[in-house]
Structure formats: structure tokens, C-alpha cells
Amino acid sequence: MRRSHWIILVILAVVETTSALYLAWLNPVQGYDENWYLINSHHIRGVTTLTYAHHRPPMFPILLALFGDYSRLVSGIAHIGSVALTFIILRRLVTLRLAIAGVVVFMASYQLRTYNVLLLTEMTAIFLLLLATYCFLVQRPFLLGVVATLLVMTHWSMATVTFVVPAVYVMRRRWRLCGLFAGGLSLAAMPFLMASAAAYGNPLAPALANFAVQSGGTNDWWYYVREFPQLSLPLIIGGLAAGGWMIANRRDWRNLPWYDLCVLLLGIIAARVMLLHVVGPKGVRFLVPLIPMLLLLTLLMLRHYGHGMPRLQWAALAILLISVLPDRQWVYYIYDLARNPVKQIADLKDRLATFAPDQAVYTDLNDLAVMGKTRRPAVAVTGPGSWHHQLYNRPACTRREIPEGALYLTWDPGSLEVIAAASPTRHGTLSLVRWRIGGPPPAGASVLSSTAATSEAESIPH
């Protein structure tokens, strides 16, 4: 590589590292799924006073437990790793300039950046999906099987990969590679299956429980017409072009070194779309893991059809880049997220840690976030000025029903004894108080709504 190329790569590495870690760190972790993964991670670390949601895959909570107080950085680190893998893969397939351009598009994609921020499974699953793609490309089937297992244990819907990979091997009659893949898959899955069998009496209990939650799809084919345009249209066109190229060259596949890779990527995309068709909850979130696959296919097509036409390539890349850039609404979303009132819970975390760990906290604000941030049980207090995600079988009460002497996080302490108070914000001041029977009634609704549903990005457990 030329010196100028090295300079560009170093600049991109610095920009990616700083931006990914900054965006991950500013996340207040207020979402429904986000805090359930945190709660599961606390349970793994021995906090048995919190409920363990066993239908959720175990790998992501294990990662959060390993990172401890720095768990918010997991999605940012996964984004950095995904960018690096994208470059490594593209460097083997296309020109250096196209590889660098692909990295820039990945870094600029606002939908991928969203999951760089949120503490959800998507970004980690994307990293593992790209790692699996690299293992396939360099013909490391045993390692590919190990990565495929980690994928499934991170995001149950990624089980489709375990069917697509052997299908490609069998189609090419590569029996040895298929056997090695199965060996890696089985070896890596064994600890998880044994743990599930010991805990629940059935090695597949968590996956089956998740399927029960997710099943019941509406077979809404118009869903794809509505949602796919929310992905980058040039990426979709690139995927369709790859499908057409694959069909046109199906008889000459032996002379095309990355034909099988296209079969794998298109197979993963098709399998995921078919899976989404049968599950009940649907949303753009479930399409996000397709973006890196479509990006790889699009750049392969640009190399093939744009060979010898650099102006056409650069024009197409400019259109592709513009199509993934964040809009003003996304900027406002990040701005509001960084100023979420849940951050006040973190201000009171150290004071709460001085009380017995099994003592429940009654809270006006987001009982799940209280459990996620303080590692102690919480009870949602409903009424004027309170805000909670939908209460799915979680304890709740009104202000008048709080027991004598209970710890209570409230926006309206009145004449109650204030143990500690968070830093004031435009939402008000969250205070930790001791409740007494007959305490003051709430002064009225604050700027927060009463009971709120979760946002689309965080509403579906998986």
C-alpha cells in the first residue's frame, strides 16, 4: 500500500474508535431489552435477588458480565471490530480503494450506528456474522462452526446460519468441510446445552421458550414492502444485482473464486427474511444484520460491473454513501438519548449500594433501569409523574401502597426524608427518600408521561 493509503486508514481507525466508544458511552441504557440483558448479566455474576429471563440467549449477558462496569462499551467495541473485519474481508475481494470506500460506508451508516449506541445484541451479532463470513472465505470450517454457535447463543434468529453454511457445502459436495463445520458447531454448543440441561432439565429450554414468545407471525408479506425501503436502496439494488449475477454464472461457478461467498451471503439474507415472515413482532431492527451482507455484495458487484470504469464506481459509491447518512431526526434521537432522565439513577447508585442488596427500591422512574443500574430488586410506582416500560408481570403499586420505611426514588419528595438527590435536570430532580405511611400525595404529573410503552428499537425480547 502507498503511504497515502496508510494515512487514510490511520485516520479512519482513529475516527472509528473515538466515535464508536463515545456513542456507546453516552447511552443511558434506558430501554426494555437493554436492561433485561443487564439484569441477566447481574444474575450471572451472582445477584440472585434479580429474576433471570431464561428465554433470552446467554452469550450477550455473559459478555456484559465480563465487562462489568464498562458493559456499555460492548456495542461500541463490536462496531469497531465489525469495521475492521469489513476491511479485512473486502481487501481479499476488491481493490484497496473499494475496500476503503466500503469501510467509510459502514462507519457512516446511521442504522449501524444506532446499534453502536444501544446495548442490544445486534452489533455483537453483526461482528460474529462478519467473522463467520471471513472463516468461510478462508476455508476454516471448524472455526466457522464455533463462531456459528456463538452467533446462535447471541441472537437466536441467527440459527439460520447453521443451516445455510452446510447447505452450501453439501451443494458443492464438500463433505469434509461440512463435517468439520459440524464438529466445531457441536463442540462449542456442548457447554451451553449442558448448562441448560442442568438448570432446566432440557438442553433446548431457553430456545424453545424464546420461540414461544416470538411465534405467531401474521404472514404479512406487505411488511417487506413497507420496511425494506427503510434500508439503503442502493444496498438492496446491489443485493438484487448479486442474485442476478449468480444465476447468470451458475454454470461457470468453478472459475469464479467468490461465487460460493455470494451464495452464502444471499442464502443468509433469504433465510432471515423467511424467518421474519413467521415471527410475530416485526421491525427494522430485525433487518439491520442484513446491512453488512448487502454491503459486501454491492461492492463485489461494483468491482465486477465497474471494472475499468472508475468514474462509474465513484459515482455509485457517492450515491451509496449519501443513502446511509444519518438525517436530522437521528441526530435529535441521539441528543435526547444522551439527556435521558434515567442517567439520574446512576447518580444515586453509590448511595443505594450502602443498603442491604436484597432491599427493594420503589421508583417513579423506569423500574427496569433501576434493577439494571443498581443490581437490586425494584417495584414500579404508578401514578402521576411516573414512567415505566410496559409492566409485564413485574411488581407495581401506587404511591399510597408503598410500605413503611421503604427506599423510594421519586420526583416529588415533599416533606419526606431525603437521603440523597441526583443532579437537577430539565426533567426535575430524582430523590432517594424513606417512605412513611400517610406521606404527602404527589404534587401532580411531571414532564414525564405516566406509563409508557417501549420504543420500536427496544420492545421485542430476543
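Positions are given from 1 along the sequence.
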Student: Dump the intermediate steps for side-chain hydrogen bond (donor to acceptor under 3.5 Å, both in side chains) on R113 and S19, then the final yes or no.
Tutor: CA-CA 9 Å; R113 282 295 182 186; S19 60; 3.1 Å; yes
Student: Return each pair, listed once, that meets side chain to side chain donor-acceptor pair (under 3.5 Å) where at least one residue sits in residues 78-105; pairs must be two or more places apart or across chains.
Tutor: E16-H79
Student: Excluding sequence neighbours, so at least two apart, what forms salt bridge (Lys or Arg N to Asp or Glu O under 4.0 Å) with R394?
Tutor: D367
Student: For V29 and N35, which heavy atoms make the closest approach, and how far apart are they?
Tutor: O-ND2, 3.0 Å
Student: For S157 and R272, test the side chains for any donor-to-acceptor distance below 3.5 angstrom and give the result as yes or no.
Tutor: yes
Student: What do you reckon, is NE2 of H5 surrounded by more than 12 foreign heavy atoms closer than 6.0 Å?
Tutor: yes
Student: Does a side-chain heavy-atom distance below 4.5 Å link P377 with L50?
Tutor: yes
Student: According to ring-ring contact (aromatic ring centres under 6.0 Å, His included), who are the partners of H42, at least two apart in sequence or on a separate chain?
Tutor: none
Student: Show me, pair by pair, the donor-acceptor contacts under 3.5 angstrom made by side chains of residues 123-143, not counting sequence neighbours?
Tutor:
from	atom 1	to	atom 2	distance (Å)
T133	OG1	L129	O	2.9
R140	NH1	V138	O	3.1

Student: Is the backbone N or O of S41 less than 3.5 Å from a side-chain atom of R45, with the two atoms forming a donor-acceptor pair by type?
Tutor: no
Student: SG of C262 to CG of L300: how many Å apart, nearest 0.5 Å?
Tutor: 5.0 Å
Student: Checking F87 against L9 for the side chain to side chain contact (heavy atoms under 4.5 Å, CB included) test, could you report, in this order, the C-alpha distance in whole Å, the side-chain angles of both residues, the deciding distance, and whether it holds?
Tutor: CA-CA 10 Å; F87 177 75; L9 289 175; 3.8 Å; yes
Student: Got a second to check how far T17's OG1 is from I80's CD1, nearest 0.5 Å?
Tutor: 4.5 Å
Student: State, with a plain yes or no, whether a side-chain heavy atom of N366 is found less than 4.5 Å away from one of H389.
Tutor: yes
Student: Of the non-hydrogen atoms in A242 and L297, which two are nearest, and what is the gap between them?
Tutor: CB-CD2, 3.8 Å
Student: Q313: what forms a side-chain contact (heavy atoms from CB on, under 4.5 Å) with it, not counting sequence neighbours?
Tutor: L98
Student: So do the side chains of L299 and L302 get within less than 4.5 Å of each other, counting heavy atoms only?
Tutor: yes
Student: Centres of the F60 and W36 rings: under 6.0 Å?
Tutor: no
Student: Using only atom types and a distance under 3.5 Å, with no angle test, would you say the side chain of K343 pairs donor to acceptor with the backbone of L26?
Tutor: yes
Student: Just list the side-chain donor-acceptor pairs under 3.5 Å for residues 181-202, sequence neighbours left out, or say none.
Tutor:
from	atom 1	to	atom 2	distance (Å)
S186	OG	A182	O	2.8
S196	OG	F192	O	3.2
N202	OD1	L204	N	2.9

Student: Enumerate, atom names and distances included, each donor-acceptor pair closer than 3.5 Å involving a side-chain atom of residues 63-75, sequence neighbours excluded.
Tutor:
from	atom 1	to	atom 2	distance (Å)
D69	OD1	R375	NH2	3.0
S71	OG	G68	O	3.4
R72	NH1	W25	O	2.5
R72	NH1	N27	O	3.2
S75	OG	L118	O	2.9

Student: List the atom of R250, the atom of Y259, and the distance in Å for their closest heavy-atom pair.
Tutor: CA-OH, 3.2 Å
Student: Test side chain to side chain contact (heavy atoms under 4.5 Å, CB included) on L12 and V104; report intermediate values, then the result.
Tutor: CA-CA 8 Å; L12 290 177; V104 172; 4.0 Å; yes
Student: Can you tell me how far CG of L296 sits from CD1 of I291, rounded to the nearest 0.5 angstrom?
Tutor: 12.0 Å
Student: Between K373 and P28 (side chain of the first, backbone of the second, donor and acceptor by atom type, cut-off under 3.5 Å), is there such a pair?
Tutor: yes
Student: Using 0.5 Å steps for rounding, measure from the CD1 atom of I89 to the CH2 atom of W258.
Tutor: 15.0 Å
Student: Looking at W6, I'd like to know if its CH2 atom is crowded, meaning that more than 12 non-hydrogen atoms belonging to other residues, nucleotides or ligands lie closer than 6.0 Å.
Tutor: no
Student: Using atom types as modelled and distance alone, determine if a side-chain donor or acceptor of T18 lies under 3.5 Å from a backbone N or O of V15.
Tutor: yes
Student: Using side-chain contact (heavy atoms from CB on, under 4.5 Å) as the criterion, list what pairs up with C178, not counting sequence neighbours.
Tutor: P166, Y169, V170
Student: Report the distance from atom CH2 of W245 to atom CG of L266, rounding to the nearest 0.5 Å.
Tutor: 9.5 Å
Student: Against M59, only a single residue in T149, T121, T154 fulfils side-chain contact (heavy atoms from CB on, under 4.5 Å); can you say which?
Tutor: T154
Student: Side-chain donor-acceptor pairs under 3.5 Å in residues 321-329, sequence neighbours left out?
Tutor:
from	atom 1	to	atom 2	distance (Å)
S323	OG	S232	OG	2.6
S323	OG	L320	O	2.6
D327	OD1	Q329	N	3.3
D327	OD1	W330	N	2.9

Student: Can I44 and I62 be said to form a side chain to side chain contact (heavy atoms under 4.5 Å, CB included), step by step?
Tutor: CA-CA 7 Å; I44 290 171; I62 290 173; 3.9 Å; yes
Student: Please, which pairs that meet salt bridge (charged side-chain N to carboxylate O under 4.0 Å, His left out) have at least one residue in residues 178-206, sequence neighbours excluded?
Tutor: none
Student: Do L38 and E34 have side chains that get closer than 4.5 Å, going by heavy atoms?
Tutor: no
Student: If every non-hydrogen atom of H388 is compared with every non-hydrogen atom of V381, which pair is closest and at what distance?
Tutor: NE2-O, 3.0 Å
Student: In chain order, what residues pass the side-chain contact (heavy atoms from CB on, under 4.5 Å) check against F163, with sequence neighbours excluded?
Tutor: none
Student: Kindly determine whether V263 and M246 satisfy side chain to side chain contact (heavy atoms under 4.5 Å, CB included), including the steps that lead there.
Tutor: CA-CA 8 Å; V263 175; M246 190 180 71; 3.4 Å; yes
Student: So how far is it from R56 CZ to W156 CH2, rounded to the nearest 0.5 Å?
Tutor: 12.0 Å
Student: How close do M293 and P289 get, counting heavy atoms only, and between which atoms?
Tutor: CG-O, 3.9 Å
Student: Taking the side chain as everything from C-beta on, heavy atoms only, tell me whether I39 gets closer than 4.5 Å to H43.
Tutor: no
Student: Considering non-hydrogen atoms only, spot the tightest contact between G76 and N116 and give its length.
Tutor: CA-ND2, 3.4 Å
Student: Identify, with sequence neighbours excluded, every residue that meets side-chain contact (heavy atoms from CB on, under 4.5 Å) alongside N393.
Tutor: none
